[in-house]
Q: 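I'd like to ask you about the structure that follows.
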Number of protein chains: 2
Amino acid sequence: MSTQLAVSAERATAALAAAAGSPWALQPDDAAARSGTPWSTGSVQHFTQDREIYGEGDHAKLFYKVVSGVVRTCKFLSDGRRQIDSFHVAGEFFGLELGQEYSLSAEAVSDCTIIAYRRQGLESLAANDGALSSMLLSHAMRSLARAQEHSLLLGRRSAVEKVASFLIEWAEHSPDRDVATLAMTRHDIADYLGLTIETVSRTLSQLERDGLIDLPTSRQIRLKDLDALRELNA
Amino acid sequence: MSTQLAVSAERATAALAAAAGSPWALQPDDAAARSGTPWSTGSVQHFTQDREIYGEGDHAKLFYKVVSGVVRTCKFLSDGRRQIDSFHVAGEFFGLELGQEYSLSAEAVSDCTIIAYRRQGLESLAANDGALSSMLLSHAMRSLARAQEHSLLLGRRSAVEKVASFLIEWAEHSPDRDVATLAMTRHDIADYLGLTIETVSRTLSQLERDGLIDLPTSRQIRLKDLDALRELNA
DNA sequence: CGATTGCTTGATACCTCTCAACCCAGGTGG
DNA sequence: CCACCTGGGTTGAGAGGTATCAAGCAATCG
């Protein structure tokens, strides 16, 4: 279940700007100066683990920012096979759509807190606000680059390479640079990498036997030999 | 090799607008009214089959529109493995980048004619031109949706499903709705679907034996049983 | 022609999946 | 407190799908 409460301190503009580290990005200061636009405030929502936030095809009237926890966006085939497109951590946006419907589903990987913004009017606003549309474009282009990188992984990398790549990617999200603290299950990892649970598990065990990683707990992975892991990524 | 000649009749604005069929799109009429902007004209170039148009990492000072022929954009691993991101046909843009470098390589699938536009100043122009940035955003978001669909295919579909999906997708580009006329080799198809040449060939032969398609020539594929092919796509 | 290129087909290897058993930690209820 | 159950994770045996290696065919082109 999700609880909602109004929050006025949150301005999506500033948040979007902070997330955009590119020539297209707006300076946070400029953004902070803009206020009172229809979509500048959002409502805080909580979702418990594995709760659906929205489904593919739902009417896309809201977009979201993660405050805490992790969210996955994914697609399903009719027989239930799932492909996870990405994991979203604190500060990241998801659910921004061009059309009327979400093109992915979104679910809570862990218990999480997110802020929902009305998409209403964002299009027309963007048409008259260069800074805002730069931020949106920047966001879209970075997502696109990520998706293309992910396609290379799914189409052309072996199981070890996929897992190594995932570990390196995830370790960068962690406080410690060489310890990946996982919020997700083996099932999530498998569906992100286009593998099965068993293959992910076996591959991690193998990497541990080979001395590239340590597995103190199933959700804590220490990257012992970062160079060797990166080598698998070449 | 590529030949260049200046062309003033081509306006990227109008072209982008025509390509954008969405709420964000600019009307061609409005676009035609705008002219004389620094990037409004491009130079026509010709590339012969398999020529590189640009490489991943090259300085991205131009973007392109296909006039005739087919272009592929792709990524490579260090050992040569290749993943094709997409095929671009007449009227489609490619090479639009956020950063300073191309994130993909682009190559001519067939002999082709393309128009190159200077990216120079596009960012700042977009910041002051709502219609233009809407078009750019629209383009980026449609590319993103395509990439996400492609990830699902690469990560979760079997070889037959991949091939069936490709045939249906490509047949829509063809004059005849139920005949796919291929511009690309089996190698291109394989690298687009995350398979090998041999598996693509075998799968096509199997589909023919099963009566779902005809293969009058290796580049002409008639979709005999579109329903059955769509079924494989579910 | 001979050489080359794209494609098909066959035999076999191997990587990943499938199915199954088992372990472990945590939660629940008697 | 302990028995039990559950869910996530690991491991093993075997199957299966796709890759690899190799040969052959047809069309194209010097």
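Source: prediction; values computed, not measured. We name chains A, B, ... by the order of the sequence lines, and we start the count at 1 in each one.
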Q: With B:Asp50, which residues qualify under side-chain hydrogen bond (donor to acceptor under 3.5 Å, both in side chains), at least two apart?
A: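 Applying side-chain hydrogen bond (donor to acceptor under 3.5 Å, both in side chains) to B:Asp50 gives B:Arg72.
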Q: Figure out the NZ/C1' separation between A:Lys162 and C:dT16, and round it to whole Å.
A: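 Taking NZ of A:Lys162 and C1' of C:dT16, I get 10 Å after rounding.
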Q: Specify the residues of residues 197-219 of chain B, ordered by number, for which at least one heavy atom lies under 4.0 angstrom from an atom of DNA chain D.
A: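 Heavy-atom cutoff 4.0 Å gives B:Glu198, B:Thr199, B:Arg202.
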Q: Assuming nearest nucleotide by heavy-atom distance, tell me which of B:Gln49 and B:Arg156 is located more 5' along DNA chain C.
A: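 Final value for this comparison: B:Gln49.
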Q: Could you check how far CD of B:Gln220 sits from P of D:dA27, rounded to whole Å?
A: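 After rounding, the reported distance stands at 15 Å.
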Q: B:Leu232 pairs by side chain to side chain contact (heavy atoms under 4.5 Å, CB included) with which of B:Ile168, B:Val160, B:Leu167, B:Val163?
A: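 The option that passes is B:Val160.
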Q: Using whole Å, report how far CG of A:Asp79 lies from C1' of C:dT18.
A: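 It works out to 15 Å between those atoms.
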Q: Got a sec: does the CD of B:Gln206 have more than 12 other heavy atoms crowding it under 6.0 Å?
A: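 Result for CD/B:Gln206: enclosed.
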Q: Give a yes or no on whether B:Glu52 atom CD has more than 12 heavy-atom contacts from other residues, nucleotides or ligands under 6.0 Å away.
A: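 Check passes, neighbour count above 12.
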Q: Contacts to DNA chain D from residues 184-194 of chain B, heavy-atom cutoff under 4.0 Å, which residues?
A: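 Contacts with DNA chain D under 4.0 Å: B:Gly194.
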Q: Taking side-chain hydrogen bond (donor to acceptor under 3.5 Å, both in side chains) as the definition, give me every residue that meets it alongside B:Ser105, ordered by chain and number, with sequence neighbours left out.
A: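 Checked B:Ser105 against side-chain hydrogen bond (donor to acceptor under 3.5 Å, both in side chains); zero matches.
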Q: With a 4.5 Å cut-off on side-chain heavy atoms, are B:Leu223 and B:Val179 touching?
A: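 No, side chains not in contact.
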Q: Do B:Tyr192 and B:Phe87 have side-chain heavy atoms sitting under 4.5 Å apart?
A: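 Touching, per the 4.5 Å side-chain cut-off.
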Q: Please name all residues satisfying ring-ring contact (aromatic ring centres under 6.0 Å, His included) with A:Tyr102, sequence neighbours left out, ordered by chain then number.
A: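 For A:Tyr102 the ring-ring contact (aromatic ring centres under 6.0 Å, His included) partners, ignoring immediate neighbours, are A:Tyr54.
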Q: Over how many whole Å does the gap from B:Leu154 atom CG to C:dT16 atom C1' extend?
A: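 In whole Å, C:dT16 C1' lies 17 Å from B:Leu154 CG.
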Q: Report yes if some heavy atom in the side chain of A:Cys74 is under 4.5 Å from a heavy atom in the side chain of A:Glu107; otherwise report no.
A: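 Result yes, sub-4.5 Å side-chain heavy-atom pair found.
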Q: If you define the side chain from C-beta out and look only at heavy atoms, does anything of B:Leu62 sit under 4.5 Å from B:Arg119?
A: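 They are not in side-chain contact.
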Q: Check nucleotides 12-15 of chain C for protein N or O atoms closer than 3.5 Å to its own N or O atoms and list the pairs.
A:
none

Q: Is any side-chain heavy atom of A:Ile84 closer than 4.5 Å to one of A:Lys75?
A: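 Of all side-chain heavy-atom pairs linking A:Ile84 with A:Lys75, none is under 4.5 Å.
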